[in-house]
Each structure stands twice: as C-alpha cells, then as structure tokens.
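Atoms within a ligand are numbered from 1 in the order they appear, just like the ligands themselves.
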Amino acid sequence: MKTTHIRLIILLMMSSNLILAQKPSIIPEPAIWENKRGNFSFSGNTDLFVPKGDDQMMSNANFLKMYLERIPNVNIQIRYYQQGQDLPARGIVLAVDPRSNTPERYVMGVTSRRILITGDDFRGVFYGIQSLRQLLPAELEQPALASQLRNVRVSNIYIEDYPRFPYRGMHLDVARHFFDVDFIKKYIDLMVLHKMNTFHWHLTEDQGWRIEIKKYPLLTEIGAWRKETLIGHGGRPPFEYDGKRYGGYYTQDDVREIVAYAADRHITVIPEIEMPGHATAALAAYPHLGCTGGPYEVITRWGVFEDVFCAGNDDVFEFLENVLLEVIELFPSQYIHIGGDECPKTRWKECPKCQARIQEEGLADEYELQSYFIRRIEKFLLSKGRNIIGWDEILEGGLAPEATVMSWRGVRGGIEAAQMGHDVIMTPTSHCYFDYYQADPESQPLGIGGYLPLSRVYEFNPNPLDLTEEQAKHILGGQGNVWTEYMKTSDHVEYMAYPRAIALAEVLWTPNRKHDFDDFTQRLNHHFKRLDALGVNYFRE
Ligand code: ACM
Ligand code: ZN
C-alpha cells in the first residue's frame, strides 16, 4: 500500500516536471537539448555581435536581423567583436569555433542576458538561427502578423545539434510543369526552415527544356514549349488534350538570382541536364541529335519516350559539352546531375551510327553503350573539376569511375554502388516520392499513383543494414523527389511536398535514436501554425 502510494507521488512529480519542462517544438528535433529557467526578452535596441572581418557571418546576421526586426519596437544593431577575445556578455552573439570539426554543427545557449550561437562553421550558425526561429512565435514569419506581437521572449535553453547526413535534399521537376522564380525561392525558404541543404533542380525533360543556353537558343525558343498537355491520367489511352500551348524557361539571369539566393541560405543547387533519355524537347529543337533525325515534337503527355540522344554521333557530345560549359558557369555546385534514367535502347538498336560505335569501342550491347555515354560525359566534367550524379540506371553496363549514384528504384542500386566504393544518395520510390498519394486517392487530387503516407516517410532509413561501416560512409544522405506531371500549380506542389518533406528533414538531420513518430506529429501540429503564417498549402490529415 505504502509503496504504491510513494510510486504514485513519484509519478505525479515526474509528470508535473514534464509539463514544466515544456518541450521545445523544433523540427528537425535537435540532438541534445535542455531547458533552463528564465527567458530572454526582445525589446528596444538589441545588439547582434558578429566576429570582425567575417563576411560570411554577415549574411547569417542579416538573416536574423531581418527576422527579429519584425517584432514591434525592436531594433537590431549589428556590432563587431574581436576574434580571440572574450565574447560579449549581453545581446545576441554569433561565433564560430571549429574545434569539434563537425560540419554544420552548432551549440546554442539562451540565457536571460545573452543568446549565444556557436557554429563549427558558419553553416552551423545558420542552423542555430533556424532553431532560434522555431522557438519564437509563428507570427514572426509574416510581417503583418508580427506587427501585433507584444513582449516576445524565448525560454532559456541549451542546444547541441548536428546533422545525421551531409546531403539533405529536395528535388523539383520544373519541366513537366513550370514554376516561376518566386516560387523556387519559396521552395528554398521552406527547405531552409527544416535544415535541408541541397536543391536538385530537374531542368530538362521530354516535355520541356527550361534553362536558357546562349549557344543553342532553339532549346528554349522551341524546346521550352509544347503545343498542348494531356488531360487526366497518362497511363491509359485514349488520350485527351487541352489544346493550350504551355511552357516557360529560366533565363541565365534568373538562374544566377536563384543560385545566389540559395547560396545566401547555405543551399547548394544541383542542376540536372537529362541524358541520354528524357531528351525529346532538345531533339525537337536540334533534330540532328537524334538517331532518326526527326522531326520531333516536344512531348505533350507523360511517360518514357523512345527518341533519345544518339550515342554514335560526335555532334551530340559536342552539343552536350557546350551546354554543360554554360551550366557549370552558372552553378558552382561540385555535382552536376546528368540524369541517366529510363533510356530506352530501341533507337540505338536500329541506328547505324550507334551500332558502329558499339563495334569501334568493343562494347557488348546497348547497355554498355549507355555506360560509354555516361563515362564520356563524366570524363569531360572531371576535366572541368566537377563530378557527376546519375540515377541508378547508370550502374547498367558499368558505372563511371567517379560517379555518385542517386538510388531511386529502391535502395538496391545504392547498396551496390556503396559496396563498390561510390558515393550514394538514397531516394527510393518507397519513401521519397512525394508525387505518390499521401492518403486515399478518392479524397485526393489526381496523382500519378502509389501510396506514401507521412508515417512511412518517417520510417525511411537511408542507411541499409547490409553495409559495413566503411561502405555506409558512402551514403551521403537522402532526398525527396517532386515529379510534377500531375501538379499544375505551385499550391499543388506544396500540398504534395508538405508535410512529407518535414518528416524527411527529421530523418536526415536528427540522430536515429531520437526518431519518434508520435513525438514528431505533436511537434508538427504546433509547427503547422508556422506553415500557415508562411502561406504554405500543406496537406493535413
Ligand atoms: C525517375 O524517377 N525516373 C528518376
Ligand atoms: Zn544513334
């Protein structure tokens, strides 16, 4: 009796402690956090200290200043302190201390006098700022709402945090449907909020070429436009079309603007230029690059199409190298994505040039011809100091020596590549295809098919157990893919990507041992208010 009673008291004490120690609602969940008593209050003039002479830190400081100055009557003064001397004792202090040498790591201490964010690098500081942001009222996301805030404070806390994986990506297909520069920036902003760091920009397809290439103006004059678009699902003929010309593209100025915007927010933009397949829009512009010589039309429905770049024609390589020269001028990313997926071999089997290439190069078949194609492009990009990423079909016929594999048809291709010592990004359809339905299709706008609810995204493990520790180091991370055949509007893209992208962000950032779907959904319910303030058209069950 007595012991039961004591147990009950202990239980009550524990539960009241839990209530007192209100859990910070940060997504992705930080590796380590501990609440402290008291709070830091924002009012009047607040100093924001940055190390003198550190330009990279200034963009972090400006991001935070812009955000905090939405609080009525708060003015942020940026001040400098001398590196190596004692840190300022009051205000907000940004610092870098690389001693633990963990890229993107940060430590944040909020006390009543000071908010100190110390990153292992300036990216870490930026992620500390994102965590601080999530501790502040959601109204701050929207200047009109923020103007009504009074007495903004943040509870004292200590956080130590670092990413589980270095590559945390979101992909967007802007070829099946086109999305303007403002939306791309919003897409990037949402990645930033969840500590994602790589934007994979799928720029070319059968249904549209979306990037201006100065040397080949027809790519956008012709290739960026299709005469109409399929209505309804693409899987079953007869097909019906809307009769409306559709298209658009990014000028090189647009691209520079987006790449710079992303870089300011510590996001790398990886461009994808598809080859040898998914290339009909390019062939429509320059028909001599196909095996039959055309004529070709920009494709108006969805699927995999048989006209691909001719692998036997040296003009094709000259063309692609010239395109890639302009692409690498625009994108500082170490990686260039060259596609490589879903390339039918039908035309190559019939093409005298392709067959002659197979003979000359002593290749066994058309799969080895695909491998020849990718290796030749890799060799070119390596000579320019860049590396290729390709979808897992680049394993067929032999993997290019330095290639990184993006494993989408499950994780098997990724495992195989990691076992061969290649780097891998996991993006299997089973967990990462946000074009799949997230609820009963009857209740949803038309989609491509499949079923991928939020809970399954959260179960994703990019690091399959069959790898040794050494092989597992090649798994750089994961990525959510948003193919837009059935997404005509940016609202629909948001609806499909969110909140699933947030679950993926936590999978990729938070240590595995801390993954807890119930806890995640509780934080997510709180987080929806922030997405509302940001005007995100997310799906809610
Ligand atoms: C892909 O989904 N075809 C990479
Ligand atoms: Zn050919």
Nearest-contact summary for atom 3 (N) of ligand 1 - protein heavy atom, Å: D341 OD2, 2.6 Å
Nearest protein heavy atom with distance in Å, relative to atom 2 (O) of ligand 1: Y433 OH, 2.6 Å
Working for ring pair (Phe, Tyr, Trp, His ring centres under 6.0 Å), residues H202 and W483: CA-CA 9 Å; H202 184 80; W483 301 101; 4.7 Å; yes
Parallel, tilted or perpendicular: rings of F183 and Y187 (30°, 60°): tilted
Distance filter under 4.0 Å to W483 heavy atoms, resulting ligand 1 atoms: 1 (C), 2 (O), 4 (C)
Non-hydrogen atoms of A175 and R210 that approach each other most closely: O-NH2, 2.7 Å
Metal-centred angle, SG of C351 through the Zn ion (ligand 2) to SG of C310, rounded to 10 degrees: 110°
Heavy-atom neighbours of E350 CD exceed 12 at 6.0 Å: no
Under 4.0 Å to a heavy atom of E342 - the qualifying atoms of ligand 1, by number: 3 (N)
Pairwise side-chain contact, V181 with Y261, heavy-atom cut-off 4.5 Å (strictly under): no
